[in-house]
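In what follows, a single structure is set out as structure tokens and then discussed.
Whatever order the structure lists them in is the order used to number ligands and atoms, beginning at 1.
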Amino acid sequence: MNLTKITTLSATEINEIFNIADAIKSGRQKAKMEKKVLALLFEKPSTRTRVSFEAAMARLGGSSIYIDKNTSQLSRGETIGDTAMVLSQYVDFIAARMYKQKDLEDLAASSTVPVINALTDTEHPCQAISDIYTMREKSDTLKGKKLAFVGDIAANTANSLLVGCTAMGMDVVLVGPESCKPNAEYLSRAKKSGRVEVTADMHHGIEDADFIYTDTFVSMGQEGEAEKRRAEFKEFQLNASALSHAKKTAFVMHCLPAHRGEEITSEVLDGKMSIVTLQARNKMIVEGAILIYLSSK
Ligand code: CP
Ligand code: NVA
């Protein structure tokens with residue numbers, strides 16, 4: 001079984017992953033990855049996803065091999081299909097970070113071992129699953145809780161959270177400038193399972209949210225439009241003034257890396273509402289659970 005998109009998993013399957021994550025977190029989970037090898041095939045930079053997958057694998061008794069696309073034969077024209085076929089002879093899982101979702105899906109189509117999306121331009125499913133786990137840890141129930149995603153509401157993280165959160169019974173409000181249109185396919189899918197609102201009104205968007213989430217205004221690959229994007233999203237910074245309209249009990253989330261002073265101020269990122277350190281910690285726990293889950297299918 002592959003995990004190429006958030007829609008690969010049903011709510012029941014996500015809950016099964018959460019149960020494994022609970023077992024890992026409480027120390028009840030016996031190591032399950034002895035002699036297993038994970039390849040990390042990355043086309044874009046990473047700190048968290050790379051290290052959390054490697055650390056999860058090591059803690060569960062397995063090992064990992066990091067492959068930078070630029071130092072692999074992919075950089076000299078070997079096809080994705082041939083690469084997937086060859087890697088499948090050596091490893092038990094491939095976690096890939098690629099620009100194009102289609103490349104990731106082509107990799108999965110030619111692989112005989114599970115392929116995991118470690119971020120594409122379209123999706124960041126492991127991040128979303130891990131972040132929903134963090135929300136679950138901070139709530140009595142996910143049902144009826146509201147996530148406000150603020151800023152680049154067309155980003156990969158926004159897409160995966162939108163569909164993942166609504167599948168788990170949450171409401172989602174996307175808060176961004178009129179010029180930024182959410183992905184129509186993800187929006188329509190999310191609307192089939194939950195309540196979704198899109199607004200350019202920051203005050204209205206965050207006032208009754210339980211979780212207020214932001215991501216960079218300039219995703220990897222968008223560096224050429226950085227100045228334009230910073231200007232476009234400027235009004236959607238999470239700062240003390242914006243958060244004065246939020247519930248006192250709301251939590252602030254960010255997948256990181258943060259660009260302090262752009263999408264979020266240091267005061268908010270390091271402040272009392274922020275749960276970004278827990279998010280970072282839980283990435284390793286949940287990715288370990290994803291590996292165990294996929295190996296059982
Ligand atoms: N959140 C996240 O995916 O971070 P990295 O780019 O450092 O992996
Ligand atoms: N939207 C960001 C997420 C980084 C983890 C990016 O794609 O750069």
Side-chain angles (χ1 to χ4, degrees), residues 3-6 38-57 64 66-69 94-104 116-135 147 149-165 174-177 180-183 186 211 213-226 228-230 232-233 236-238 252-260 262-264 269 274-288 290-291:
L3 173 47
T4 55
K5 313 180 188 187
I6 191 77
L38 165 70
L40 294 145
L41 176 62
F42 277 37
E43 198 178 10
K44 303 188 189 191
S46 171
T47 297
R48 277 144 291 270
T49 309
R50 173 187 177 175
V51 178
S52 55
F53 261 116
E54 290 197 23
M57 203 60 188
S64 322
Y66 180 78
I67 308 152
D68 174 355
K69 187 207 163 191
I94 304 169
R97 171 166 285 199
M98 315 202 98
Y99 284 93
K100 296 189 190 121
Q101 179 72 22
K102 172 149 191 333
D103 286 351
L104 192 274
I116 301 165
N117 183 339
L119 182 147
T120 61
D121 289 347
T122 317
E123 281 243 16
H124 201 358
C126 298
Q127 183 73 46
I129 296 165
S130 167
D131 290 334
I132 297 167
Y133 180 79
T134 300
M135 294 182 228
L147 172 83
F149 189 100
V150 181
D152 182 5
I153 56 178
N156 39 18
T157 37
N159 289 341
S160 297
L161 281 166
L162 172 61
V163 169
C165 288
L174 299 174
V175 189
C180 181
K181 302 290 178 222
N183 180 305
Y186 284 78
F211 300 95
Y213 197 116
T214 193
D215 183 11
T216 180
F217 294 157
V218 186
S219 283
M220 290 178 277
Q222 298 175 329
E223 291 79 6
E225 319 157 35
K228 180 176 154 279
R229 296 182 65 85
R230 285 188 193 110
E232 180 183 3
F233 293 105
F236 295 87
Q237 184 187 66
L238 287 188
V252 168
M253 303 180 74
H254 194 311
C255 56
L256 305 179
H259 302 79
R260 292 168 180 261
E262 289 184 21
E263 73 276 6
I264 192 163
L269 190 70
S274 171
I275 53 170
V276 298
T277 306
L278 181 63
Q279 282 180 265
R281 171 82 190 164
N282 281 342
K283 249 177 102 78
M284 178 180 69
I285 307 289
V286 174
E287 286 161 358
I290 289 170
L291 291 167

Is the shortest side-chain heavy-atom distance between [X] and [Y] below 4.5 Å?
X: L291; Y: I116; value: yes
X: L119; Y: F42; value: no
X: D152; Y: C180; value: yes
X: E263; Y: H254; value: yes
X: V286; Y: I132; value: no
X: V252; Y: I264; value: yes

Contacts table for ligand 2: protein N or O within a distance under 3.5 Å of ligand N or O, distances only.
from     : atom 1 : to   : atom 2 : distance (Å)
ligand 2 : 1 (N)  : N156 : OD1    : 2.8
ligand 2 : 1 (N)  : D215 : OD2    : 2.6
ligand 2 : 1 (N)  : S219 : OG     : 2.7
ligand 2 : 7 (O)  : N156 : ND2    : 2.9
ligand 2 : 7 (O)  : S219 : OG     : 3.4
ligand 2 : 8 (O)  : M220 : N      : 2.8

Quick one: which ligand 1 atoms are inside 4.0 Å of a heavy atom on [X]?
X: T47; result: 5 (P), 7 (O), 8 (O)
X: K283; result: 1 (N), 2 (C), 3 (O)
X: Q127; result: 1 (N), 2 (C), 3 (O)
X: H124; result: 2 (C), 3 (O)

### Message
Could you check whether D131 and Q279, counting side-chain N and O atoms only, form a donor-acceptor pair closer than 3.5 Å?
### Response
yes
### Query
Do S52 and E287 have side-chain N/O donor and acceptor atoms under 3.5 Å apart?
yes
### Message
Once salt bridge (charged side-chain N to carboxylate O under 4.0 Å, His left out) is applied, what residue pairs with a partner in residues 47-57 remain, sequence neighbours excluded?
### Response
R50-E54
### Task
Kindly confirm or rule out an N or O of M220 lying under 3.5 angstrom from an N or O of ligand 1.
no
#### Entry: Check: L119 N/O within less than 3.5 Å of ligand 1 N/O
no
### Query
Nearest protein heavy-atom contact for atom 4 (O) of ligand 1: which residue, which atom, what distance?
R48 NE, 2.8 Å
### Task
Among all protein heavy atoms, pick out the one at the shortest distance from atom 6 (O) of ligand 1; state its residue, atom name and that distance to 0.1 Å.
R97 NH1, 2.8 Å
### Query
So, N117 side chain and P125 main chain: donor-acceptor pair closer than 3.5 Å or not?
no
